[in-house]
Amino acid sequence: MRRSSTFNTGRIDHLIEGGHDFDFRRGDLNDTNCLVSVLNEVQPDEIYNLAAQSHVKVSFETPVYSFETAAVGALKLFDAVRCLGAGARIYQACSSEMFGAAPAPQNEGTPFLPRSPYAAAKIAAYHLAVNYRDAYGMWIANGILFNHESPRRGETFVTRKITRALARIKLGIQDRLVLGNLYSRRDWGYAPEYVRAMWLMLQQEAPNDFVIATGQSHSVKEFVEAAFEYAGMRLEWEGEGLRERGIERSSGRSVVEVDARYMRPTEVEFLLGDAGKARRKLGWTHRTDFEELVAKMVDADVRRESMLLHGTRAYNEQWRTHI
Ligand code: G4F
């Protein structure tokens with residue numbers, strides 16, 4: 001029987017897998033007593049630390065909470081495992097945000113130049129992982145994952161915000177999509193493939209650090225265009241800066257607009273990952289390309305919003321019960 005604990009979004013969601021039984025409990029990662037009791041009880045072989053306030057813009061508004069979950073939370077976990085002599089393998093979720101202003105393409109050797117409290121916190125956790133590895137021989141792998149998306153992405157992250165708004169515009173229940181910076185570029189991959197990479201990291205002989213990315217970068221504007229086009233709505237752009245807008249060609253309606261409210265005090269302009277090390281050592285490579293990812297997310301949101309519009313029972317069956 002393998003036991004794994006997943007620490008997610010500032011809370012502990014842990015899972016004991018034994019036969020057909022799944023036992024879920026919850027606790028707070030920043031509550032050391034709770035952490036120790038969960039570790040004692042589960043005695044996990046593998047721990048996946050995904051806990052964080054993970055929204056970059058929100059980290060400017062809640063810097064202390066963001067730092068406490070992402071950096072101090074990781075430290076509490078590493079130290080609890082050390083004190084208990086637990087010997088579990090730990091996956092530490094780092095982020096491509098750590099590269100910040102560093103030139104692309106970014107890989108494991110690229111310097112970190114953080115542009116947000118969130119990124120600074122993730123860098124602290126990264127260095128603590130390396131230090132606990134060196135000082136105490138602990139088994140901790142840092143996964144530096146570039147943006148990974150799916151229909152389950154939170155609604156305030158840009159990809160999901162776009163596909164959900166598009167579905168609602170198509171169904172006539174929303175007028176327009178309002179965004180911030182249209183020109184930042186991200187290396188967007190499909191989340192389930194990235195979870196497999198996390199698992200592969202913990203199956204290696206020795207702990208190591210890996211960049212996980214597709215090696216393709218697109219702007220937010222390109223994501224918008226690809227999503228609308230896939231849904232059969234052609235956009236034409238006019239204006240510049242805060243006056244830039246996307247006009248739907250067939251109706252002449254302004255459906256995409258820009259608002260300073262969604263801009264960040266400091267932005268990460270260009271992320272493009274080089275996952276060569278993961279390819280060589282883990283045999284990992286992405287399979288879903290940008291267009292397929294956009295299509296999956298648009299299809300799912302159109303389906304979900306139609307269900308919501310036409311009756312909640314079908315919606316609840318498909319989504320709520322599985323969240
Ligand atoms: O979707 P985002 O909020 O993701 P971001 O900031 O790249 O961070 C995500 O990926 C990281 C991995 O590199 C994770 F570590 C992190 O936890 C998170 O999952 O924003 C993407 C880009 C940014 O440049 C942002 O300024 O989209 C731009 N953007 C433009 N308009 C917007 C919006 N982002 C959001 N969330 N909302 C907008 O209206």
Side-chain angles (χ1 to χ4, degrees), residues 8-10 49-62 66-67 69-71 73-74 92-102 104-106 110 112-126 142-150 152-166 174 176-191 194-195 197-198 211-214 217-225 227 241-242 244-246 256-273 275 293-294 297:
N8 214 330
T9 322
N49 182 27
L50 314 183
Q53 185 300 103
S54 66
H55 199 289
V56 174
K57 172 87 168 26
V58 172
S59 81
F60 289 99
E61 288 141 24
T62 60
S66 300
F67 199 87
T69 53
Q92 170 57 31
C94 296
S95 164
S96 57
E97 280 295 305
M98 302 190 321
F99 295 123
Q106 295 101 358
T110 304
F112 300 141
L113 293 172
R115 301 276 284 166
S116 65
Y118 168 80
K122 284 288 181 184
I123 292 170
Y126 168 94
N142 283 309
I144 309 176
L145 273 49
F146 281 62
N147 298 50
H148 39 289
E149 318 290 316
S150 86
R152 287 169 181 252
R153 185 56 141 151
E155 290 165 5
T156 60
F157 294 90
V158 79
T159 53
R160 192 63 213 299
K161 182 173 169 180
I162 294 167
T163 57
R164 179 167 175 265
L166 161 59
Q174 184 170 330
R176 58 180 65 86
L177 161 66
V178 183
L179 293 170
N181 184 2
L182 296 175
Y183 293 94
S184 54
R185 302 184 72 85
R186 291 291 181 274
D187 181 330
W188 281 296
Y190 184 43
Y194 287 53
V195 174
M198 287 161 45
V211 158
I212 301 296
T214 70
S217 189
H218 293 271
S219 67
V220 171
K221 189 170 174 176
E222 285 165 359
F223 194 105
V224 172
E225 282 169 343
L242 293 177
E244 184 159 13
R245 55 190 63 220
V256 184
E257 295 182 1
V258 175
D259 192 312
R261 195 153 46 111
Y262 299 110
M263 307 275 185
R264 296 166 184 192
T266 41
E267 175 64 278
V268 172
E269 298 293 348
F270 187 14
L271 290 177
L272 169 65
L293 173 66
V294 170
M297 292 185 70

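Atoms within a ligand are numbered from 1 in the order they appear, just like the ligands themselves. Just so you know, these numbers come straight off a predicted model, no measurement behind them.
Heavy-atom distances between K57 and ligand 1 stay at or above 4.0 Å for every pair. The shortest separation from a heavy atom of L182 to ligand 1 is not under 4.0 Å, leaving the residue out of contact. At least one heavy atom of R153 lies less than 4.0 angstrom from ligand 1.
Contact of the V294 side chain with the I162 side chain is not registered, since no non-hydrogen atoms from C-beta on lie closer than 4.5 Å. The shortest distance between side-chain heavy atoms of L179 and V158 falls below 4.5 Å. Proximity of L272 to R185: side-chain heavy atoms (C-beta onward) are nowhere separated by under 4.5 Å. You'll find the side chain of T69 stays beyond 4.5 Å of the side chain of Y118, heavy atoms only. Looking only at side-chain heavy atoms (C-beta outward), W188 and N147 come within less than 4.5 Å of each other. At least one side-chain heavy atom of M198 sits under 4.5 Å from a side-chain heavy atom of L145.
Interface atoms of ligand 1 facing G180, defined by a heavy-atom separation under 4.0 Å, are 30 (C), 31 (N), 33 (C), 39 (O). Every atom of ligand 1 is numbered from 1 in the order shown, and the set under 4.0 Å from a heavy atom of Y118 is 14 (C), 15 (F), 16 (C), 17 (O). Taking every heavy atom of Y262 and a limit of under 4.0 angstrom, the matching atoms of ligand 1 come to 39 (O). Residue-ligand proximity, K161 to ligand 1, at heavy-atom distances under 4.0 Å covers atoms 38 (C), 39 (O). Listed by number with element, the atoms of ligand 1 under 4.0 Å from a non-hydrogen atom of H55 are 36 (N). Atoms of ligand 1 found under 4.0 Å from any heavy atom of V56 (numbered from 1 in listed order, with element): 6 (O), 8 (O). Interface of E267 with ligand 1, defined as ligand atoms under 4.0 Å from a residue heavy atom, comprises 23 (C), 24 (O), 25 (C), 26 (O).
When only non-hydrogen protein atoms are considered, atom 30 (C) of ligand 1 lies nearest to N181 O, 3.2 Å. Of the protein's heavy atoms, N147 ND2, 3.7 Å lies nearest to atom 5 (P) of ligand 1. Nearest protein neighbour of atom 20 (O) of ligand 1, counting heavy atoms only, is R264 NH2, 3.4 Å. Among protein heavy atoms, atom 36 (N) of ligand 1 sits closest to T156 O, 2.9 Å. Among protein heavy atoms, atom 22 (C) of ligand 1 sits closest to S184 OG, 3.8 Å. Looking only at heavy atoms of the protein, atom 13 (O) of ligand 1 is closest to S96 OG, 2.3 Å. For atom 33 (C) of ligand 1, the nearest non-hydrogen atom of the protein is V158 CG2, 3.6 Å. Of the protein's non-hydrogen atoms, the one nearest atom 11 (C) of ligand 1 is S95 OG, 3.7 Å.
Contacts of V220 with ligand 1, taken as heavy-atom pairs under 4.0 Å, involve the side chain alone. Heavy atoms of M263 found under 4.0 angstrom from ligand 1: none, in either backbone or side chain.
Closest approach of R261 to K57, counting heavy atoms only: O-NZ, 3.2 Å.
Considering both main-chain and side-chain atoms, S54 comes within under 3.5 Å of ligand 1 through a nitrogen or oxygen pair. For R186, a nitrogen or oxygen atom sits less than 3.5 Å from a nitrogen or oxygen atom of ligand 1, counting backbone and side chain alike. For F157, no nitrogen or oxygen atom sits less than 3.5 Å from a nitrogen or oxygen atom of ligand 1, counting backbone and side chain alike.
The residue from R164, R186, E149 that alone fulfils the side-chain hydrogen bond (donor to acceptor under 3.5 Å, both in side chains) condition with T159 is E149.
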